[in-house]
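Below: the structure, in structure tokens.
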2 protein chains.
Amino acid sequence: MASSIIATNSSANACTHGFIKASCSDCNLKGLCLPIALDIGDIERVDKIIQRSRPLQSGDHLYRTGDPFRSIYAVRSGSIKTYLVDENGIEQVTGFFLPGEVLGFDGVANHKHACNVVALETSSVCEIPFEKLEELSLQIHTLQHHMFQLMGQQIESDHQMMLTLSKKNAEGRIATLLLSLSKRYARRNLSPNAMRLPMSRMDMGNFLGLTIETVSRTLSRLHKEDVISVDGREIVLKNHERLDELCHLLQ
Amino acid sequence: MASSIIATNSSANACTHGFIKASCSDCNLKGLCLPIALDIGDIERVDKIIQRSRPLQSGDHLYRTGDPFRSIYAVRSGSIKTYLVDENGIEQVTGFFLPGEVLGFDGVANHKHACNVVALETSSVCEIPFEKLEELSLQIHTLQHHMFQLMGQQIESDHQMMLTLSKKNAEGRIATLLLSLSKRYARRNLSPNAMRLPMSRMDMGNFLGLTIETVSRTLSRLHKEDVISVDGREIVLKNHERLDELCHLLQ
DNA sequence: CGCCCCATTGAGACGGCTCAACTTGCGTGG
DNA sequence: CCACGCAAGTTGAGCCGTCTCAATGGGGCG
């Protein structure tokens with residue numbers, strides 16, 4: 001959903017476990033997250049405040065609702081889900097984050113995190129202490145602008161999601177999610193057609209306001225109609241035009 | 001939904017029509033929008049970049065999708081609605097903005113506005129040129145922080161809205177909207193119980209993902225159950241606890 | 001007065017939910 | 001190695017909440 005700021009993907013210089021040595025300058029995700037206008041010197045200044053910790057395992061929480069807000073995070077590898085839990089224990093998945101995307105802006109407002117963040121598979125993130133980022137943003141105006149842009153992107157995509165939840169039927173919601181994932185794969189120069197879903201049917205359904213049964217049935221129907229092919233989490237998009245149509249169909 | 005930044009409410013020093021002479025310093029909304037930590041001198045610097053134009057009439061658009069992004073806006077009086085229109089003409093109301101609240105962050109990401117903004121009644125806004133605000137934010141760190149907070153608040157409330165649209169039934173959605181309005185009235189020291197809705201049933205329904213018929217029926221039922229009283233757009237909340245319960249009921 | 005827009009109310013249709021049964025894949029332990 | 005349990009996913013049958021369609025009422029305005 002959101003774009004990214006400073007995700008250092010070390011899959012290129014695939015460093016082994018333990019502590020991570022990597023830098024923004026030779027990260028193949030920096031085009032996605034750092035402001036393009038940032039010059040080498042500035043990139044290094046940003047690089048210096050970033051903390052790269054050991055990978056999260058599937059199910060590990062990065063933070064939880066109520067935790068003090070200290071940092072935002074750029075996904076370096078894997079995939080991450082954010083979700084709310086309301087007073088009665090109702091959960092709402094609010095987003096999926098892929099490499100090169102930035103999360104954690106919940107928490108900026110109240111200095112406390114407002115959602116839960118959990119890894120959907122083995123994942124690594126760049127932690128960016130927010131106070132230091134603010135200091136740096138005062139000095140590097142393109143960085144400040146970029147921060148505003150990232151948050152603006154999040155707001156825009158959340159509004160699109162409101163439209164999806166409010167106006168589209170099950171097929172439209174599924175199609176919207178699949179095309180969103182496809183576009184975000186394409187941004188990383190991965191195939192926009194063949195992908196492995198990082199999330200369970202449960203998470204898809206929760207995110208889209210549908211039950212797992214409806215998700216399953218809808219995927220099966222799209223498969224039968226040869227719009228996609230489904231094999232568990234392996235998905236192939238076979239008819240983008242049709243998916244586009246479904247996205248824009250009213251409920 | 002969003003909080004505010006710099007809304008100068010001139011209803012106190014009720015200046016007449018035509019051009020508006022007002023200042024943040026003696027605006028009774030500044031507590032809502034300016035960072036509390038801002039000292040007098042800084043308030044004046046912010047004040048200087050703000051443009052106060054003539055009021056919008058009901059139905060007037062402040063900007064439309066695709067318009068170049070130049071400013072954000074603080075509502076000074078009246079009420080404003082923002083809405084998306086997708087390719088097929090499907091509309092989605094994405095927010096209602098009351099005095100003291102700030103809108104316009106759509107557009108930050110792409111330098112083009114991503115939604116339409118229209119006045120629901122005679123309204124006035126403070127226009128804040130974004131470039132100048134960015135410049136000032138580089139100099140006044142509390143202002144930069146405040147900007148991040150405002151955008152963070154917007155993101156949080158949008159996520160709450162996703163939960164509402166995805167998980168609550170009609171009663172829960174209506175109750176959630178009513179309580180949200182109530183809290184926002186209370187922030188301005190207005191009665192949290194008696195209010196005049198600024199929007200039509202159509203707009204409520206569109207925002208909440210319901211048809212006008214369902215909105216109408218639900219309001220009638222809540223009236224019959226003595227949870228609220230409804231007379232057109234005049235609403236009295238008579239049982240906050242019950243409304244709270246309804247908010248948290250699963251669908 | 002008549003028109004139009006907004007809101008209310010009713011009757012019936014339908015999409016997605018609930019409940020339930022079954023399958024598949026995977027890890028554990030006998 | 002297979003038996004077993006468990007979690008995730010699929011599929012079916014019936015139900016329910018909201019939508020659709022339609023009729024009616026009320027207020028503002030030319």
Side-chain angles (χ1 to χ4, degrees), chain A residues 57-59 79 81 90-93 118 120-122 164-178 196-225 228-235 246-247 249-251, chain B residues 57-59 81 90-93 118 120-122 164-178 196-225 228-235 246 249-251:
Chain A
Q57 297 305 313
S58 174
S79 52
K81 131 186 133 175
I90 305 175
E91 297 194 5
Q92 174 65 43
V93 174
V118 66
L120 293 173
E121 58 191 311
T122 305
T164 296
L165 290 172
S166 162
K167 299 288 183 294
K168 295 180 189 174
N169 63 12
E171 280 191 343
R173 296 182 198 193
I174 298 275
T176 302
L177 176 58
L178 292 181
R196 180 175 175 76
L197 297 176
M199 76 291 282
S200 66
R201 299 288 190 268
M202 186 82 170
D203 286 331
M204 285 180 77
N206 186 301
F207 181 59
L208 296 173
L210 302 169
T211 58
I212 55 170
E213 293 95 330
T214 299
V215 171
S216 184
R217 272 187 262 268
T218 304
L219 288 174
S220 297
R221 191 174 341 123
L222 292 177
H223 188 147
K224 208 173 296 171
E225 293 167 358
I228 62 178
S229 102
V230 186
D231 177 20
R233 294 192 177 191
E234 300 291 342
I235 302 265
L246 293 177
C247 278
L249 240 50
L250 50 164
Q251 77 173 5
Chain B
Q57 296 306 312
S58 175
K81 133 187 132 175
I90 305 175
E91 297 193 8
Q92 175 64 43
V93 174
V118 65
L120 293 173
E121 59 191 312
T122 305
T164 296
L165 290 171
S166 162
K167 299 288 182 295
K168 296 180 189 175
N169 64 11
E171 278 190 344
R173 296 183 198 191
I174 299 274
T176 302
L177 176 58
L178 293 180
R196 181 176 174 76
L197 297 177
M199 76 292 282
S200 66
R201 299 288 190 267
M202 187 80 170
D203 286 331
M204 285 180 77
N206 186 301
F207 181 58
L208 297 173
L210 302 169
T211 58
I212 54 171
E213 293 94 332
T214 300
V215 172
S216 186
R217 272 187 263 267
T218 305
L219 288 173
S220 297
R221 191 175 341 124
L222 292 176
H223 188 148
K224 207 174 297 171
E225 292 167 0
I228 62 179
S229 102
V230 186
D231 177 19
R233 293 192 177 190
E234 299 293 340
I235 302 265
L246 293 177
L249 239 52
L250 50 162
Q251 75 173 9

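Everything numeric in this text was worked out from a predicted model, so none of it was measured. Below, chain A is the first sequence line, B the second, and so on; all start at residue 1.
Among the nucleotides D:dT10, C:dG10, C:dG16, the one closest to the side chain of A:Leu210 is C:dG16. Distances from the side chain of B:Glu213 to the nucleotides C:dT8, D:dT10, D:dC21 place D:dC21 closest. Distance from the side chain of A:Ser200 is smallest for D:dG9 among the nucleotides C:dG16, D:dG9, D:dC19. Side-chain atoms of B:Ser216 lie closest to C:dT8 of the nucleotides D:dT10, C:dG16, C:dT8. Side-chain proximity of A:Thr211 to the nucleotides D:dG9, C:dT18, C:dT8 is greatest for C:dT18. You'll find that the side chain of B:Arg217 is closest to C:dT9, out of C:dT9, C:dA7, D:dG9.
Along DNA chain D, the nucleotide closest to B:Arg221 and the one closest to A:Met199 are compared, and the more 5′ of them pairs with A:Met199. For the pair B:Ser220 and A:Ala170, nearest-nucleotide mapping onto DNA chain C gives the more 5' position to B:Ser220.
Side-chain contact, B:Thr218 with B:Glu171: no donor N or O sits under 3.5 Å from an acceptor N or O. If you check the side chains of A:Gln92 and B:Ser166, you find a donor sitting under 3.5 Å from an acceptor.
When heavy atoms are screened at a 4.0 angstrom cut-off, B:Leu219 is found touching no nucleic acid atom at all.
Phosphate contact (OP1/OP2 of D:dC19, side-chain N/O of B:Thr214, threshold under 4.0 Å): present.
Atom NZ of A:Lys167 is separated from atom C1' of D:dC19 by 13 Å (rounded to the nearest Å). For A:Arg201 and C:dC17, the CZ to P distance is 16 Å, given to the nearest whole Å. Between B:Asn206 atom CG and C:dA7 atom P there is a gap of 13 Å when expressed in whole angstrom units. The interatomic distance linking B:Met202 (CE) with C:dT8 (C1') rounds to 15 Å, in whole Å. The distance between atom CD1 of B:Ile212 and atom P of C:dT8, rounded to the nearest whole Å, is 9 Å. Taking atom CD on A:Glu234 and atom P on D:dA8, their separation rounds to 18 Å, with Å as the unit. The CG-P distance, from B:Leu120 to C:dC6, rounds to 12 Å in whole Å. Put simply, CG on B:Leu208 is 12 Å from P on D:dT18, counting in whole angstrom units.
Using a 4.5 Å heavy-atom cutoff, the side chains of A:Val215 and A:Thr211 are not in contact. With contacts defined as side-chain heavy-atom distances shorter than 4.5 Å, the pair B:Arg233/B:Ser200 qualifies.
Heavy atoms only, all atoms of each residue included: A:Phe207 and A:Leu177 are closest at CE2-CD1, 4.0 Å.
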